[in-house]
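Each chain gets a letter, A, B and so on, in the order the sequences are listed, and its residues count up from 1. Remember, predicted model here, so these are calculated numbers, not experimental data.
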4 protein chains.
Amino acid sequence: MINVAVLGAGRIGHVHAANVAGHCDAVLAVVADPFIENAQKLTAAYGGRAISDPLEAIADPTIDAVVIGTPTDTHVSLMLAAAQAGKAVLCEKPVDLDIQKAREAQRVLGERASRVMLGFNRRFDPGFSEIHQRLRAGEIGELHQLLITSRDPGLAPMNYLKHSGGIFRDMAIHDFDLARWILGEEPVEVFASGSRLFAPELEALGDYDTVMVQLRTASGKQCQINCSRQAVYGYDQRIEAFGAGGMLLNDNQRETSVRRYGAQETEVRGPLLNFFMQRYTDAYRLEMAAFIRAVKQGGDVPVNIHDGCAALALADAAQLSADTRQVVQLN
Amino acid sequence: MINVAVLGAGRIGHVHAANVAGHCDAVLAVVADPFIENAQKLTAAYGGRAISDPLEAIADPTIDAVVIGTPTDTHVSLMLAAAQAGKAVLCEKPVDLDIQKAREAQRVLGERASRVMLGFNRRFDPGFSEIHQRLRAGEIGELHQLLITSRDPGLAPMNYLKHSGGIFRDMAIHDFDLARWILGEEPVEVFASGSRLFAPELEALGDYDTVMVQLRTASGKQCQINCSRQAVYGYDQRIEAFGAGGMLLNDNQRETSVRRYGAQETEVRGPLLNFFMQRYTDAYRLEMAAFIRAVKQGGDVPVNIHDGCAALALADAAQLSADTRQVVQLN
Amino acid sequence: MINVAVLGAGRIGHVHAANVAGHCDAVLAVVADPFIENAQKLTAAYGGRAISDPLEAIADPTIDAVVIGTPTDTHVSLMLAAAQAGKAVLCEKPVDLDIQKAREAQRVLGERASRVMLGFNRRFDPGFSEIHQRLRAGEIGELHQLLITSRDPGLAPMNYLKHSGGIFRDMAIHDFDLARWILGEEPVEVFASGSRLFAPELEALGDYDTVMVQLRTASGKQCQINCSRQAVYGYDQRIEAFGAGGMLLNDNQRETSVRRYGAQETEVRGPLLNFFMQRYTDAYRLEMAAFIRAVKQGGDVPVNIHDGCAALALADAAQLSADTRQVVQLN
Amino acid sequence: MINVAVLGAGRIGHVHAANVAGHCDAVLAVVADPFIENAQKLTAAYGGRAISDPLEAIADPTIDAVVIGTPTDTHVSLMLAAAQAGKAVLCEKPVDLDIQKAREAQRVLGERASRVMLGFNRRFDPGFSEIHQRLRAGEIGELHQLLITSRDPGLAPMNYLKHSGGIFRDMAIHDFDLARWILGEEPVEVFASGSRLFAPELEALGDYDTVMVQLRTASGKQCQINCSRQAVYGYDQRIEAFGAGGMLLNDNQRETSVRRYGAQETEVRGPLLNFFMQRYTDAYRLEMAAFIRAVKQGGDVPVNIHDGCAALALADAAQLSADTRQVVQLN
């Protein structure tokens with residue numbers, strides 16, 4: 001059995017703790033959070049010891065793997081400490097909001113980077129990963145264009161947004177990772193547009209509520225991403241992969257399969273899975289399973305800090321592009 | 001060019017007159033209606049002479065084909081007169097409400113029956129006829145079960161219902177014809193249930209507002225039909241053909257291909273084509289084209305009085321079954 | 001915690017054992033099966049003791065609840081023994097293949113019947129139960145017609161079919177229960193047609209491969225059920241509830257949300273959830289949760305032996321109707 | 001009645017001639033084409049005189065309106081001649097491939113521009129125009145993002161492509177017009193990427209087979225367009241309008257409403273309407289109706305040469321952007 005410590009007992013720590021506890025090869029051994037009550041709530045539900053100091057968990061020789069779900073600015077130091085202590089690591093995205101700091105962490109990790117997994121959960125979504133797999137299997141031939149729609153159901157509180165790093169680094173970073181992964185090539189060109197169409201208060205943060213991004217790889221593959229901080233109809237998460245031999249689409253998921261035909265309208269389908277933890281329940285579970293499998297088998301993790309840095313670099317480029325209204329070339 | 005006389009300038013006469021006028025091989029030569037103003041409206045729009053006496057049109061030697069859209073109780077006499085005058089005939093369903101009278105007409109027609117077409121327009125609906133054709137082509141192997149949903153958008157006025165012959169002879173007769181045609185075999189067993197769930201005033205007529213019918217052919221093919229006089233969401237017309245090698249479905253048609261995602265619901269599709277003349281616009285046009293083609297080429301019409309009598313016999317059996325709560329065997 | 005004994009370690013015992021083990025208020029204490037190796041496989045995976053004699057589990061005073069997943073002909077005796085021993089019971093359908101024996105069991109149980117749940121898992125399917133709940137909430141007004149499509153992906157082995165009781169008692173019994181539950185009234189009239197369209201070997205068993213059933217309640221509500229032992233495209237499980245104010249539909253569930261557009265066709269959706277244990281995974285889990293909740297709170301179980309007898313009576317009536325080609329009236 | 005002359009008896013001239021002939025307020029008086037046999041084919045089918053010289057038609061005082069479907073490089077001279085002769089004009093897109101020449105034509109036309117309609121047929125597509133109308137009616141509040149997918153079913157012959165002006169001016173020009181019309185504001189920023197992913201022979205023409213374009217208006221509305229010269233699954237024409245209060249989508253249209261469930265797959269829908277003349281049959285008919293209405297009522301045409309120049313300017317900007325990999329600002 002793999003002994004796992006979960007650092008951070010917030011919303012995402014809760015998701016990870018439950019998935020560890022539900023996995024047949026893993027045990028939730030420790031939950032660490034400075035707010036010890038939060039840690040205790042999780043251990044009461046899913047087992048393990050509650051402690052307040054994450055470094056104590058990292059120092060514990062019985063711990064095999066560490067899951068980092070703490071605030072972003074602690075990711076790098078905890079990741080480095082855990083890796084140095086010989087633990088396998090699953091760290092929430094982003095590595096850091098500062099690309100220099102993220103790249104320095106990558107450099108310091110060296111060969112240990114292959115044991116530090118980044119939490120890009122969407123790669124484990126059944127629909128998205130099926131498209132990736134069927135593409136690789138050649139089902140629609142060479143990929144030509146990729147379309148990603150990624151809209152949140154509602155604007156997060158200003159307090160959250162203030163420390164989020166902006167819509168590109170906080171939200172679109174998932175889409176940049178998906179784009180790299182599905183395109184199978186690095187984007188070399190980024191153009192982004194940012195608007196404030198309903199949240200003028202974002203101007204003070206230099207942030208946007210509505211963005212579009214266009215990417216191109218060296219071989220000419222193309223990708224368009226559209227994001228909004230607020231889709232009133234729910235969490236809109238779709239991709240379309242268009243290739244020489246056809247197209248693969250993954251549509252939104254709904255709470256219910258029941259449809260209504262009524263006097264005012266035909267037909268009405270139910271609401272979208274509305275929150276990222278509902279929509280990506282399976283993705284988080286399968287992400288944890290992939291992590292535990294890598295820990296158990298001693299191989300490389302399937303998404304690592306290199307991916308974390310690459311997605312962050314795209315987010316930075318998009319921010320620069322939107323701010324300057326210029327294309328950004330990468331190399 | 002085929003010279004066509006349309007008898008009856010009501011709702012259905014209007015449909016036929018327009019389709020004759022729009023056909024490149026036919027000319028609308030005459031419209032006959034005792035209410036001459038109605039006939040004149042049609043000839044003003046689509047050409048031809050307006051007259052009041054249908055027999056005058058039948059007697060006119062320049063007329064090649066006669067379309068009968070008059071009240072049901074005049075169908076037989078006009079059909080016989082026109083056939084006897086050597087005209088090709090397209091007669092609206094039903095032949096008559098009285099099966100004896102219908103069969104007598106069939107007997108009198110003799111060989112001329114092959115030139116008397118019955119207006120079972122749904123056979124010419126693109127979706128239904130495609131299912132028929134793909135079934136015959138073997139796409140889903142041997143047919144096992146057929147499901148027909150047939151619901152009107154709203155209850156017709158009592159004045160109409162009083163002379164309609166009841167829900168089986170007036171409305172489900174289309175479904176009986178579809179069933180015979182798609183099954184490709186004669187039903188030998190009929191069981192029907194009739195209810196008055198929202199229109200108690202139908203009791204006085206011995207009629208029902210809601211019915212279900214189950215048919216079986218000699219070889220064991222099965223069919224279920226469900227009808228209602230009132231579907232608040234519109235005109236619900238669907239069929240499902242289930243066979244050894246798969247299933248073919250034809251869903252409802254909508255006014256618009258636009259879908260809305262809104263704050264209260266996702267997603268909302270537009271209303272169904274709501275009235276039989278909208279829903280079956282193509283069917284009526286293609287029915288007329290098939291009639292004119294048969295007239296021009298001198299061959300048999302694709303649906304004839306034999307089909308009209310057979311569907312009426314099923315309607316009679318269903319009425320008897322619902323009234324007596326017994327199965328009716330046919331031979 | 002509720003201590004649960006699972007009797008029978010076959011396919012369905014496996015499903016129940018896993019759901020007991022995964023429930024936070026229950027413990028899998030015992031698995032009993034004459035083939036002790038089967039019982040041991042389950043206890044190895046989900047905990048508890050493996051024994052060979054189900055009566056030993058029933059006699060165990062530490063056991064609160066008994067789940068019966070043994071062969072049908074043992075249901076009644078085990079159910080009565082367990083109930084008499086004061087246990088709550090969840091028994092797989094059917095109560096028995098013999099309605100007399102089932103009714104006798106019901107009589108013997110007396111007041112204890114309220115603690116004996118029947119395993120009509122489809123009532124707990126999220127889509128079906130949502131339709132039931134929205135109907136009861138008045139969303140489409142008074143119910144007029146109910147359509148149930150229920151087709152297996154492939155013919156079961158003859159060895160199974162021989163002891164199954166026939167398509168009505170084995171397979172359609174789920175649909176009869178659904179019909180009673182959703183109609184909210186007892187059917188008083190049953191008409192069924194049975195055919196052997198692809199499995200002539202069923203003649204020796206007096207069984208059918210393809211059936212249709214039509215039901216009517218005293219107030220005139222109507223229901224049509226269609227069943228086949230073999231739908232090549234997968235496990236086809238749909239219902240449509242049509243009422244005065246609209247319609248509620250529950251469509252099939254698919255393995256994947258990915259759709260393909262290719263050179264030969266647009267668009268192609270993935271296969272249906274193909275096996276009852278996949279399709280009704282949630283239903284079985286929620287059924288067990290409902291049972292455990294009833295045990296814990298001491299209230300009545302949500303589906304009981306009365307429902308089991310009523311569904312069996314409908315199956316018997318359908319068999320009689322199909323065999324004699326007569327309507328069967330119930331009272 | 002409006003007397004119409006159709007100039008050019010090619011593919012698009014045929015469409016227009018048929019729509020003129022089918023309109024109750026118009027008469028096809030003349031078809032002019034240097035290949036007189038082509039003109040004669042049309043007049044044989046739809047009436048009117050066939051002549052070889054378009055200027056003869058323009059000089060004919062009995063002609064009220066002129067439809068220009070000749071090669072692109074003759075559009076400006078014929079349009080100016082017809083307008084000067086006092087005719088109403090419907091001219092196929094583009095005005096010209098040279099924006100200077102197009103703007104000069106606009107200048108010369110002066111006030112007569114309001115009687116010169118440009119053939120941006122997609123504005124008259126029922127689905128697209130419904131989205132435009134519902135947006136204007138406020139159904140989804142302020143528009144934030146617009147997505148346009150526009151893919152041809154297959155690469156046109158090199159001979160056509162050589163004189164087409166390139167993918168932006170030939171194909172995407174429709175999407176630029178749609179974007180301007182639906183956004184309701186002028187784009188001020190254009191970024192385009194062009195690739196040759198399957199047709200390397202386009203390099204000699206400086207043309208691309210696969211392009212993506214991103215637009216922004218002064219108020220910050222955003223638009224993404226994706227085009228391909230070859231979608232193996234058919235003619236892919238979709239738009240999504242996303243706003244503060246929801247989203248409106250128009251999906252592709254299919255040849256048939258029949259769906260198949262088979263052993264290898266569920267479910268399979270039929271092919272897309274595959275050719276622009278099938279897909280936009282209604283659009284062309286409604287475009288002609290709008291033109292004839294404007295001619296009859298003497299008002300302004302609904303799309304004019306100003307729109308033609310503006311769309312061409314966007315196409316030029318996209319070409320420049322793709323060629324230079326720079327953003328292009330417009331003013």
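Each of C:V258, C:N252, C:I131, C:D251 has some count of heavy-atom pairs under 4.5 Å with chain A, and the biggest count is that of C:V258.
Residues passing the salt bridge (charged side-chain N to carboxylate O under 4.0 Å, His left out) test with A:D236 are A:R151, A:R238, sequence neighbours excluded.
One finds the OG1 atom of A:T256 at 9.5 Å from the CG atom of C:L248 (value rounded to the nearest 0.5 Å).
In this structure, chain C has no heavy atom under 4.5 Å from any part of A:E240.
Judged purely by distance below 3.5 Å, without hydrogens or angles, the side chains of A:S257 and C:N250 pair a donor atom with an acceptor atom.
Summarising the local packing, CZ of C:F35 is surrounded by 12 or fewer heavy atoms from other residues, nucleotides or ligands at distances under 6.0 Å.
Residues C:E267 and A:M247 have side chains not in contact (no heavy-atom distance under 4.5 Å, counting atoms from C-beta outward).
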